[in-house]
Q: 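This is the structure, below, for whatever I ask next.
Treat the numbers as computed from the prediction; the structure is a model and nothing was measured. Every heavy atom of this structure was used, including side-chain atoms; hydrogens, water molecules and symmetry mates were not. Numbering of ligands and ligand atoms starts at 1, following listing order.
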Amino acid sequence: MALTSCSALLLFGATGDLSRRMLLPSLFALHEDDLIRPDLRIVGTARSDLDDAGFRAFALTALDEFLPEDRKDPARMAGFLDRLHYQPLDASNITGFAALAEKLGDTSCGLAIFLSTAPALFEATIEGLRHAGLAHDNVRIGLEKPLGHDLESSARINDAVAAGFSEQQIFRIDHYLGKETVQNLMALRFGNVLFEPLWNAAHIDHVQITVSETVGLEGRKGFYDDTGALRDMVQNHMLQLLAMTAMEPPGNYDATSIRDEKVKVLRALRPVRGDEMVRGQYRAGAVLGQAVAGYPDDLGGESETETFVAIKAHVDNWRWQGVPFYLRHGKRLAERRSEIVVQFKDVPHNIFAGRGGRPRANRLVIRLQPEEYVRLQVMAKEPGLDRGGIVLREVNLDLSLTTAFAKARRRIAYERLLLDLIEGEQTLFVRRDEVEAQWRWIDALRAVWAAGDDDIKPYAAGGWGPNAAIALTERDGRSWND
Ligand code: BG6
């Protein structure tokens with residue numbers, strides 16, 4: 001049910017980087033398109049000592065920086081800024097929450113909270129909200145990652161939140177689920193009859209999931225070095241992509257049906273062996289033609305933190321028996337790319353063999369970003385009279401979502417996720433059992449790392465990671481889709 005007229009949105013971490021880059025521009029987009037009620041107040045809070053006017057000035061600068069020129073309508077922007085209010089708060093001090101509640105006024109008919117704060121402040125914040133009467137039945141709370149650094153700390157945070165809110169009130173954010181193409185994966189699988197009969201071990205050889213980035217540390221030294229690539233990207237975004245790719249067809253498009261199916265996949269993940277994973281750390285190199293420093297220089301010291309990880313994962317159920325899921329993620333790689341590649345098996349018998357024709361197995365590439373497309377590689381005969389034999393070539397059946405839906409404005413993930421939070425739609429948020437299944441698998445993997453003597457492998461910035469990651473697929477007779 002949508003929040004009613006006296007409702008408000010409370011943004012923790014309102015002066016942070018996520019707020020500046022994503023949340024404020026997304027909320028502006030919802031305002032611009034009249035998707036939120038005219039009387040929905042947005043109250044920001046953070047440690048910075050600002051007042052309403054100061055926060056509005058901060059928001060204006062953010063909009064100016066992150067909105068495209070053609071969307072900077074002064075009247076619309078002024079209308080949006082009028083919604084904004086601000087209350088400074090030191091979340092570690094419980095007494096400040098009373099002033100926050102006062103600023104919010106009557107929240108009895110609905111309050112949505114978006115919590116993007118330092119992990120160390122999580123428990124104190126929930127406690128403060130409860131103390132100030134801001135954890136009643138008509139409150140929803142969105143939680144931004146990181147939610148813990150292992151199963152135990154994640155369970156502690158989840159317990160703290162559960163002390164104030166029921167699971168139906170809790171919206172754990174994984175911004176990959178807000179991406180258009182990730183939802184399109186469901187449209188592709190379950191809106192077409194074509195793929196599902198082939199979507200199993202009988203017809204699929206393996207699956208690859210790549211999330212490569214060209215950026216390095218990006219000024220997040222402390223956080224990133226404590227976290228590393230595995231926990232920053234694989235534990236959440238990549239496992240969600242894997243779950244969406246591997247899940248059984250849900251009975252309905254709703255939060256319970258979809259999340260029930262995802263969690264079954266996450267629980268069926270087989271513990272990874274030491275020889276099924278590779279860790280790397282970037283060294284100096286050139287990314288997109290620009291010379292860049294290595295991780296130790298970016299960080300200002302040596303470190304054992306991985307900036308690259310490749311894993312051969314398995315889903316132990318009937319559908320996926322014997323089908324590896326190769327996962328690969330890293331910073332400072334050759335290009336920014338997120339994609340899922342489904343590699344089908346060879347045809348069972350090659351009728352062209354006597355004429356020299358060699359069909360290659362079909363491959364489905366689902367590109368999530370920066371381009372958005374679905375590309376099916378199929379075999380075709382090269383035109384001609386074939387006197388020298390039949391030449392088969394791979395051609396692409398291309399569905400470019402950017403072209404097919406050229407008129408539709410591309411929404412950034414947070415526009416959808418904030419609107420879903422405000423309206424109480426939980427489908428694209430992660431349930432507690434999913435997060436815990438993700439951590440259980442990641443913790444086991446890290447324990448194998450810790451027990452093994454495999455060093456972290458250096459790789460030159462601008463490539464595709466350490467050679468060992470290439471060997472991970474090559475020794476199985478497979479290749480990454482580079
Ligand atoms: C975040 C990670 O969750 O996702 C970052 O903390 C990463 O390290 C980012 O860069 C990637 O998101 P996107 O949407 O740019 O692929």
Q: Of all the heavy atoms in E218, does at least one lie under 4.0 Å from an atom in ligand 1?
A: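 Contact check E218 vs ligand 1: negative.
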Q: Around atom 4 (O) of ligand 1, find the nearest protein heavy atom and jot down its residue, atom name and distance.
A: H175 CE1, 3.4 Å
Q: D232 heavy atoms, cut-off 4.0 Å: which ligand 1 atoms fall inside?
A: 2 (C), 5 (C), 6 (O), 8 (O)
Q: Find all atoms of ligand 1 within a distance of less than 4.0 Å from any non-hydrogen atom belonging to K179, and give their numbers and elements.
A: 13 (P), 14 (O), 16 (O)
Q: Show me which atoms of ligand 1 lie under 4.0 Å from any heavy atom of K145.
A: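 Numbered from 1, ligand 1 contributes 1 (C), 2 (C), 3 (O), 6 (O).
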Q: Compute whether any side-chain donor of one residue and acceptor of the other, for T210 and R328, lie under 3.5 angstrom apart.
A: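 Yes, side-chain donor-acceptor contact under 3.5 Å.
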Q: Quickly, which of V161, L111, I141 forms a side-chain contact (heavy atoms from CB on, under 4.5 Å) with L129? Name it, please.
A: I141
Q: Within the structure provided, determine whether S338 and Y176 are in side-chain contact (heavy-atom separation under 4.5 Å).
A: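 Of all side-chain heavy-atom pairs linking Y176 with S338, at least one is under 4.5 Å.
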Q: Nearest protein heavy-atom contact for atom 5 (C) of ligand 1: which residue, which atom, what distance?
A: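 Heavy-atom neighbour on the protein nearest atom 5 (C) of ligand 1: R220 NH2, 3.2 Å.
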Q: Could you verify whether a donor N or O on one side chain and an acceptor N or O on the other, from T61 and D64, lie under 3.5 Å apart?
A: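 Not at all, the side chains of T61 and D64 share no donor-acceptor pair under 3.5 Å.
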Q: Any donor-acceptor pair under 3.5 Å linking the side-chain atoms of D232 with those of T227?
A: no
Q: For Y176 and ligand 1, answer yes if some heavy atom of the residue is under 4.0 Å from a ligand atom, otherwise no.
A: yes
Q: Heavy-atom contacts with K331 under 4.0 Å: which atoms of ligand 1 show up? List them by number with element.
A: 5 (C), 7 (C), 8 (O), 10 (O)
Q: Between R367 and Q369, do the side chains contain a donor N or O and an acceptor N or O under 3.5 Å apart?
A: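 Per modelled atom types, Q369 and R367 side chains form no pair under 3.5 Å.
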Q: Under 3.5 Å, is there a donor on one side chain and an acceptor on the other for Q183 and R416?
A: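 Per modelled atom types, Q183 and R416 side chains form a pair under 3.5 Å.
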Q: Looking only at distance, does Q369 have an N or O less than 3.5 Å from an N or O of ligand 1?
A: yes
Q: With respect to L269, which candidate in N317, I442, D316, L242 satisfies the side-chain contact (heavy atoms from CB on, under 4.5 Å) definition?
A: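 The side-chain contact (heavy atoms from CB on, under 4.5 Å) with L269 is passed solely by L242 among N317, I442, D316, L242.
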Q: Pull out every atom of ligand 1 sitting under 4.0 Å from any heavy atom of M233, numbered as shown with elements.
A: 2 (C), 4 (O), 7 (C)
Q: Quick check on contacts: which atoms of ligand 1 are under 4.0 angstrom from a heavy atom of R336?
A: 15 (O)
Q: Could you tell me the residue and atom name of the protein heavy atom closest to atom 7 (C) of ligand 1, and the distance to it rounded to 0.1 Å?
A: E213 OE2, 3.3 Å
